[in-house]
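A quick note: this is a predicted structure, and the numbers were derived from the prediction, not measured.
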2 protein chains.
Amino acid sequence: MDFLQQLGPVALGSRLRRLSEQLTAEAAGIYADYGLNFQPRWYPVFYLVAQQPGIASNEVAEQIGHTHASVSQIVKELLRHELLTMTPDPQDQRRRRLQLTARGHEVLPHLRAQTADVRRSMDELLAETEPSLWSALHAFEQQLRRQPLRQRVAAARQRRAAAPVVLRDYRAGDQPAFRQLNVDWIARYFTLEPADLKALDHPQEYILAPGGAILLAEIAGEVVGTCALLRMPETGSYELAKMAVSPAVQGRQIGFLLGQAALQRVRELGGRRVYLESNSVLTPALSLYRKLGFQPLAQPLPSPYARADVQMELLLP
Amino acid sequence: MDFLQQLGPVALGSRLRRLSEQLTAEAAGIYADYGLNFQPRWYPVFYLVAQQPGIASNEVAEQIGHTHASVSQIVKELLRHELLTMTPDPQDQRRRRLQLTARGHEVLPHLRAQTADVRRSMDELLAETEPSLWSALHAFEQQLRRQPLRQRVAAARQRRAAAPVVLRDYRAGDQPAFRQLNVDWIARYFTLEPADLKALDHPQEYILAPGGAILLAEIAGEVVGTCALLRMPETGSYELAKMAVSPAVQGRQIGFLLGQAALQRVRELGGRRVYLESNSVLTPALSLYRKLGFQPLAQPLPSPYARADVQMELLLP
DNA sequence: TATTTTTGCGTAAGTACTTACACAAATACT
DNA sequence: AGTATTTGTGTAAGTACTTACGCAAAAATA
């Protein structure tokens, strides 16, 4: 329940469906209150036949906006409940003309009375709610007709694809995105270790405060890549870590851009050496590091990460 | 389509359902656009498992507001598509903990990108529509929570039952109600004849203009009974006709009240004799006429109505 | 006039959920 | 400790529609 709300308008479809189901359930209860052995879904068909006796099921479907199959099923039930009669049209043997039975005529006024009560209540209910659901629905449907959601999303996607990559420094509100991108990335190839979460949950404390830096890549206002520099004990040495790029923006060289920016930042900070740890299965990452100028370390160093089996360094000129 | 709109807010449930279905269909198309082999209805389950790995299906159901049965089915499909894994909880053998597979992790960022695009488009769409569907839905749901529709309708019904019967003269806008009550009544016992429709479609011309009258019974602003006086060729003679009362208000003596008012009106018009035609199968109507003082006519007169086999008259003192 | 296409209708199966029921594991109660 | 209840899960069937398909009658076309 809480989650759906967090999802927000993305789950509008579900929300509408649930409300519709609720109303249908209430409608069934209301019929029961009026002592009518009548299903809510019969209503449009039955009412239309009452208004236009002799109508064919085909026309009913068209007028109420259902498929003929749906109408056919409802008519079958109404026939079974002896509320309708069906006779073939003498002019056209395919058509079946529908009419109310005596019992149908008996039920009709009660149905009308009930409908009048429902209409009154519904009108009141809709008048009470501000803004009006009725006109909001109308406006929404109109907008949707003007341009379907699918087209809108396609356009949004294209705008995103066309938007430039922006590199910038970590700011206060970036922690969730920073964490998510890294957690997604780690969970994809390895299993998350407690050591991972320390820095991801408290980047300010573990990365920035000791003199490091975090760089983010942003597309259309959304963070799509991260990369961190941790100041190492040796003077002038920095560790390149937390390099994570959303696979959804693959092929846009975001890892390379982040790496270059990180090296530039090390230069600005007066650093001379950059070190990193990775894993031999991550071949695309390794080739990226090589492209940036990193060289494998001959002598392995102790590491807090179980998954690190590759160590590289780069000495800045 | 036209008909549904005429039905108005009574069919709100159907309208919401249709809109929801439309959105779901669009969602499926959007997934296809992103090259994702992913069903819209998987989304909440999948996304929640991604956010909270190791969650039990029970908790998923609770958080997304579906039944556990629904979640169970969706999980089954996700397992089949190798997007999720399910392992029994060692602490509690009943619980099954859910987690994303490697493939699930692969899909996740694409899904996230797509969701971001959908969210942006949907936010725009909702912002474009004035009044806002989102807040209107919220307000409506809140009102409905405060008092369910069923209760509202019950209250409306009660108000209607408690409302007094008002007798009044026919006015310009009354023709549809006048016609409907009579058509319903005739169609219930007989078949409609062209002669019926003449007076019902043009009461002003056929009844009022020649010096007759139409009386209506109203409850809570709704016409529930009709009765007409037609001036007959003989001086001082009137025919009582178009006596129709909605069966939904049976037992409230509306026929009797209308009859009494009609006789009073004849007196006011200076008439001395009232005549009527009816059918022998309509025993409740016949006893009503007797109660009003009508006597069967010994000698039958010619009648334009095929169904008239009883003729009565009343001589005012 | 014979054949093809269209139209009206019915049935079957699918959809995205629900309610109803069954079953075993865990917990509460005596 | 033994039984009763609760809880977590799965399956079956229902709901209110849909799409897909088949059949026969009517209309269009050759």
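Each of Gln91(A) and Thr24(A) was matched to the nucleotide of DNA chain D holding its nearest heavy atom; the match closer to the 5' end belongs to Thr24(A). Mapping Pro90(A) and Arg17(B) onto DNA chain D via the closest heavy atom, the residue that lands nearer the 5' end is Arg17(B).
Distance Glu21(B) CD to dT15(D) P: 17 Å, rounded to the nearest Å. Counting to the nearest Å, the P atom of dC17(C) and the CD1 atom of Ile64(B) are 8 Å from each other. The interatomic distance linking Trp42(A) (CH2) with dA16(D) (C1') rounds to 13 Å, in whole Å. For the pair Tyr43(B) OH and dT15(C) P, the computed distance is 22 Å after rounding to whole Å. Remark: C1' of dT7(D) and CD of Glu62(B) are 12 Å apart, rounded to the nearest angstrom. We find that CD of Gln93(B) is positioned 13 Å from C1' of dT9(D), with the value rounded to whole Å. As a whole-Å value, the separation of His66(B) NE2 from dT19(C) P is 12 Å. Atom OH in Tyr31(B) sits about 12 Å away from atom P in dA16(C), given to the nearest Å.
Cation-pi geometry between Arg157(B) and Tyr34(A) is met: the NZ or CZ atom falls under 6.0 Å from the ring centre, inside 45° of the normal.
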Can you tabulate the close N/O pairs, meaning under 3.5 Å, that link protein atoms to atoms of nucleotides 7-9 of chain C?
from	atom 1	to	atom 2	distance (Å)
dT7(C)	O2	Arg94(A)	NH1	2.8
dG8(C)	OP2	Asn58(A)	ND2	2.9
dG8(C)	O5'	Asn58(A)	ND2	3.0
dC9(C)	OP1	Arg96(A)	N	3.0
dC9(C)	OP2	Ser57(A)	OG	3.3
dC9(C)	OP2	Asn58(A)	N	2.6

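Taking a cutoff of 4.0 Å between a charged side-chain nitrogen and a carboxylate oxygen, Asp123(B) and Arg120(B) do not qualify as a salt bridge.
Evaluation of atom-type donor-acceptor distances gives a pair under 3.5 Å for the side chain of Gln73(B) against the base of dT18(C).
Proximity of a side-chain donor or acceptor of Gln99(B) to a complementary backbone N or O of Val49(B) within less than 3.5 Å is not detected.
Nearest nucleotide to the Ala69(A) side chain, out of dT19(C), dC17(C), dT19(D): dT19(D).
Here the side chains of Leu12(B) and Phe140(B) are in contact, with some heavy-atom distance below 4.5 Å.
Under 3.5 Å, the side chains of Arg146(A) and Gln143(A) contain a donor-acceptor pair of N or O atoms. Residues Gln52(A) and Glu59(A) have side chains that never bring a donor and an acceptor to within less than 3.5 angstrom of each other. For the 3.5 Å distance criterion, the side chains of Thr115(A) and Tyr43(A) qualify, holding a donor opposite an acceptor.
Between Lys76(A) and dT11(C) there is a side-chain N or O to OP1 or OP2 distance below 4.0 Å.
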